[in-house]
Every structure is written in C-alpha cells, then in structure tokens.
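Scroll down for the structure; my scribbles are underneath it.
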Amino acid sequence: MTEKTAPSAAPVPSDHIMGVYSRTPLAFERGEGARLFTTDGEAYLDCLAGIAVNALGHNHPKLVSALKAQAEKLWHVSNIFTIPGQEALAKALTDATFADVVFFTNSGTEAVECAIKTARKYHWARGDRDRVDIIGFDGSFHGRTLAAVNASGNESYLEGFGPRMPGFIQAPFDDMAALKALMGPTTAAVIIEPVQGEGGARSLSEASLQAIRRLCDDVGALLIYDEIQCGLSRTGKLFAYEWAADAAPDIMCIAKALGGGFPVGACLATAEAGRGMSVGSHGSTYGGNPLAMAVGLAAVEELVKPELQAHVREVAGYFNQQLTGLKDRYPDVVADIRGKGLLIGIKLVTPNRDFMQHAREQKLLIAGGGDNCVRLLPPLTLTLDEAREAIERLEHACAAARKAAAAV
Ligand SMILES: *Cc1c(COP(=O)(O)O)cnc(C)c1O
C-alpha cells in the first residue's frame, strides 16, 4: 500500500490551501471562448469569466500568441530599466482616457493602493498635509489589502484584522446630501465604483456621478474611480464613467479584463493628480513586467474597439429584456434585475448560493454577489446564441429554485 494515491480526474479539496474560499469541487482543464471543459470533457457555459477577467473569452488566439511570443524573448527585468511594453500600453491607455500617467501593478487591489497613495501624496506635495481622508461607500469593494478593505464598504472584510485605519470614512450609497456633509478640508479623495461589482451590480446614475464630481471640485478633493470590474467595455462603453458627461476622474484603477486572464492592473492619473508621485515614492518588483505588458497591450487593442462595445450593448439589451421576462414569470425567485451592460445583477428572493448551484446543474457558471444577488459577467464576446442558451438555463435554474422553495 502506498500512502499517496494516483492522481485522479476527480478534484479533491486540498488541506494545504488556506481555507479562505468556499471552493466547489469542479476543476477545468481547457477553455474556448465562453466554454469551459472539465477534465472528463463536460462543457459549461461560462457567464462568470473568472469574475469579469476573461473579457475576450478563454484561449483567445491573439492573447495566446502575444504571450507565447513574449515568453520566448524576455520575462522580467526590473522597473529600474525602460520596459518598451509599458510605454506602449501606457500610451494606449492614456490615448483612450482622461489620464496622462500610469503605474502598472499585478492586481486590482495594488492599483487601489497606488490610487490612495497618489491622492494623499498629491495634497501633501502641495503643502496641504491634513488632507488625508479617503471617503468610500457602503457596499463597495476595492480589494483585500488593509488599505483597500478600509476603503471598502463591507465591515466583515475588516473583522479580526485590527482597528479600522484612521483616515477612512464610509458614506451611504448614492446619498449626495450625506456625502456632502462628510466632505471638507481634510478630504483627500472620494473612491467609488461607477457600477458596484461585488456589492451586487448596483449602478450609479449619470446625475449622481456628475454630482460627486462637482462635490469633489467644490471641496478640492480628488475623485478616484475603481473601474476594475466595470471598466474596459463591460458596460458597453470603454469605461463606465463615460456614460456621464463631465464626470471624468482624477485617478482610476483598472485590472481584471486588462490582462484577459494574465495578472495585471494599473493606476491611471492626470499629470496634475500624479504630481506627488516622485522618484522613490512607490514601486513594484513585478508590476509592468514584459509578459504582462505584451498580453495587456494585445487585450487593450481588442477591448477599445467600438464594434465590441456595440456588441456588448446589443447582448446586454437582449439579456435585460429576457431577464425582465424571467422576473415576471418567477416573482417568487427573482426580485430585481440591475447593473449595466454585461455586469448584470439578478437579485433573488431565494438564497443566491443555492441558485448558483441550480445554475451549475444546468452547466451554467455565474458569480455570486452582495445583497443576495447573482451576477452574470460573461466574456464580452458572448454571442447572442450563447446568451439565448444562458437564458434557457437560467429559466431551468429558476424552476429548480421554485421547486426547492416549495419543498421547504
Ligand atoms: C476585483 C476587484 C478589486 C480587487 O482586485 P484584485 O485583482 O482581486 O486585487 C478591486 N475593486 C473592484 C471593483 C474589483 O472588482
């Protein structure tokens, strides 16, 4: 008898992985577009896309070839050298946005960390050294570093990790009077997701984004958008803030879709907002390495295409219409349809975790979310036929949820 058994196709939960995720015993070995295949060849329709990461679908030929070509040349040097890929990707990002400068990171939360530091350092460099407060919103999510969880609006992510850091203030969601009351001469920045992701796909109106921009201008605070989930064409415009006129931020965090599955994030800023970030004030060993830049550039070249954004709006329109029908037919299961573009939230009457399981039984992958939501975050390349398939499977999941509720 050997102690260790031969590797089997069935995934076994590991005792050696820190238990911070509730993992499903489902392992995939291959992906193609919006399809994921398990080791035994079962196909799933992927309307989760690695939580809005695989925006161009799995195994996109352009991303694969960009990664392969770079892998055979150079993986890593250091930010003490000029990295041509950074120059190219920073140019593509600044050409397409309000921003003038970019700092590359390996993740979203690091982009948020950089944004918070950039905002505080801006005021400090201008001699306004009491301006340290970062105002975030209820239900928001900005990542898992200590600064990011302090800026986020989910108390449970702070629990057990010591006292709340000074200089972080929580505002109620979409309440301009309350926000105004919290802002003043110590406000460094307001950080907000134009469309909340993890919090349950809550979208801010164009008027609200404009009002927040004006409030920041009035008190001399910077505006930070966290477009890590809602950005890069997911809402049908390149960035979600573009739906509102005159609401561009001073600083913006992006990640997720930026690498299409390769870890990369970025903090974008205007030249003015970035002016405190001088030599030595920030850094990263891996951020902006040649592999990430090669894939990021290939991804951005696709993600900026107006045809892709038009496609997102079309598929999103179809989903919205069909999901509204589903809500009408299953009012005992579906409470509300929300979100923007292909960041879709379905607020449920029945437990969202159970609903994800019902969907999985239909070979449909969807994400969870706050406020008892599930989210649809498909690849932006999802076809209308695939969207139709997703709706059929969701209909079956609704029927299963109704049946389960009746059995209680
Ligand atoms: C995912 C996410 C983050 C954190 O990104 P990581 O890459 O997981 O660190 C931050 N903000 C938003 C809005 C996100 O969706």
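Order of listing sets the numbers, starting from 1, for every ligand and every atom in it. Here the structure is a predicted model, which means the values were calculated and not measured.
- Within 4.0 Å of ligand 1, protein heavy atoms belong to Ser107, Gly108, Thr109, Phe141, His142, Gly143, Glu193, Asp226, Ile228, Gln229, Lys256, listed by chain and number.
- Using a cutoff of 4.0 Å between basic side-chain nitrogens and carboxylate oxygens, Arg338 and Asp371 are scored as salt-bridged.
- Remark: the Gln210 side chain and the Glu206 side chain contain no N/O donor-acceptor pair separated by less than 3.5 Å.
- Between Glu389 and Arg393, at least one side-chain nitrogen of the basic residue sits less than 4.0 Å from a carboxylate oxygen of the acidic one, meeting the salt-bridge criterion.
- Using a cut-off of 4.0 Å between Lys/Arg side-chain N and Asp/Glu carboxylate O, Glu301 and Lys62 are scored as salt-bridged.
- A donor-acceptor distance shorter than 3.5 angstrom exists from the side chain of Thr94 to the backbone of Ala90, with no hydrogens or angles considered.
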Return all side-chain donor-acceptor pairs below 3.5 angstrom for residues 245-273, not counting sequence neighbours, or 'none' if the list is empty.
| from | atom 1 | to | atom 2 | distance (Å) |
| --- | --- | --- | --- | --- |
| Asp250 | OD2 | Arg213 | NH1 | 3.2 |
| Asp250 | OD2 | Arg213 | NH2 | 3.0 |
| Asp250 | OD2 | Leu223 | N | 2.8 |
| Thr270 | OG1 | Ala273 | N | 3.0 |
| Glu272 | OE2 | Tyr122 | OH | 3.1 |
| Glu272 | OE2 | Arg275 | NH1 | 3.4 |

